[in-house]
Amino acid sequence: QVQLVESGGGLVQPGGSLRLSCAASGRTFRNYAMGWFRQAPGKEREFVAAISWSTFYADSVKGRFIISRENAKNTVYLQMHRLKPEDTAVYYCAADSDYSSSAYYHRTTADFGSWGQGTQVTVSS
């Protein structure tokens, strides 16, 4: 239903910061709940953060990452601070049309119907 394109990934040292962006093509972006997931080599895709009219974070990133959105630009962001090597993964943006549900109810891959292609984040010295 919506096209998503992630950007902003790259190589960063431990303790550093990156900001990921996800641009959406949908004209009803403001009515979509948005999420970020990540997948490391050999591991399952895991929840990172979600935002609708509220926000919710995985315990592994809470206090370090901030999800935000700018509806006028059809963009959702993931500001990442104090990055750790275990944060290394491909980060995926996702969208769900059920904006009425809080971010707490957007914590699994099944909760989202649209996905971007991902952007690589590598945290290494």
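Everything numeric here is computed off the predicted structure, so don't read it as measured data.
A 4.5 Å side-chain heavy-atom check between Arg64 and Tyr57 finds every atom pair outside the cut-off. Arg38 has its side chain within reach of Asp87: a pair of non-hydrogen atoms, C-beta onward, lies under 4.5 Å apart. Residues Met80 and Tyr91 are in side-chain contact: their nearest non-hydrogen atoms beyond the backbone lie under 4.5 Å apart. Side chains of Val121 and Val123 form a contact here, defined as non-hydrogen atoms less than 4.5 Å apart. Side-chain atoms of Phe65 and Val48, non-hydrogen and from C-beta on, do get closer than 4.5 Å to each other. Taking 4.5 Å as the limit, every side-chain heavy atom of Val76 sits out of range of all side-chain heavy atoms of Tyr32. Considering only heavy atoms from C-beta on, Cys93 stays 4.5 Å or farther from Trp115 through its side chain. Residues Asp111 and Tyr105 fail the side-chain proximity criterion, which asks for heavy atoms closer than 4.5 Å.
For an aromatic pair to be called close, the ring centres must be under 6.0 Å apart, and Phe47 with Phe37 satisfies this.
Checking side-chain atoms of Ser52 against main-chain N and O of Ser101 turns up a donor-acceptor pair under 3.5 Å. Not a single donor-acceptor pair under 3.5 Å links the side chain of Ser17 to the backbone N or O of His81. Under a 3.5 Å cut-off, the side chain of Ser25 and the backbone N or O of Gln3 do form a donor-acceptor pair. The backbone N or O of Ser124 sits nowhere less than 3.5 Å from a side-chain atom of Gln13 that would complete a donor-acceptor pair. Between the side chain of Gln79 and the main chain of Ile66, no donor-acceptor pair closer than 3.5 Å is present.
Counting heavy atoms of neighbouring residues, nucleotides and ligands inside a 6.0 Å radius, atom CD of Glu86 exceeds 12 of them. Atom CD of Glu70 sits in a crowded spot, with more than 12 heavy atoms from other residues, nucleotides or ligands closer than 6.0 Å.
Atom OG1 of Thr108 is separated from atom CZ of Arg45 by 12.5 Å, given to the nearest 0.5 angstrom.
When hydrophobic clusters are built by joining Ile, Leu, Val, Met, Phe, Trp and Tyr residues whose side-chain heavy atoms come closer than 4.5 Å, directly or via intermediates, Val90 is not grouped with Leu18. The cluster map of Ile, Leu, Val, Met, Phe, Trp and Tyr, joined by side-chain heavy atoms under 4.5 Å apart, puts Leu4 and Phe112 in different clusters. Taking hydrophobic clusters as Ile, Leu, Val, Met, Phe, Trp and Tyr residues chained together by side-chain heavy-atom distances below 4.5 Å, Tyr92 does not share a cluster with Leu78.
For the 3.5 Å distance criterion, the side chains of Tyr77 and Arg19 fail to qualify, holding no donor opposite an acceptor. Residues Asn31 and Thr28 have side chains that never bring a donor and an acceptor to within less than 3.5 angstrom of each other. A donor-acceptor pair shorter than 3.5 Å can be found between the side chains of Asp96 and His106.
Nearest heavy atom pair, residue Ala33 against residue Arg69, reads CA-NH1, 4.3 Å. Listed here is the closest heavy atom pair of Ala24 and Val2: CB-CG2, 3.8 Å. Contact record, Ala23 with Thr75: CA-OG1, 4.2 Å, taken as the closest heavy-atom pair. Heavy-atom minimum distance, Ala89 versus Ala40: CB-N, 3.8 Å. The shortest non-hydrogen separation linking Ala103 to Phe56 is CB-N, 3.6 Å.
Geometric assessment of Arg107 against the ring of Tyr104 yields a positive cation-pi assignment under the 6.0 Å and 45° thresholds.
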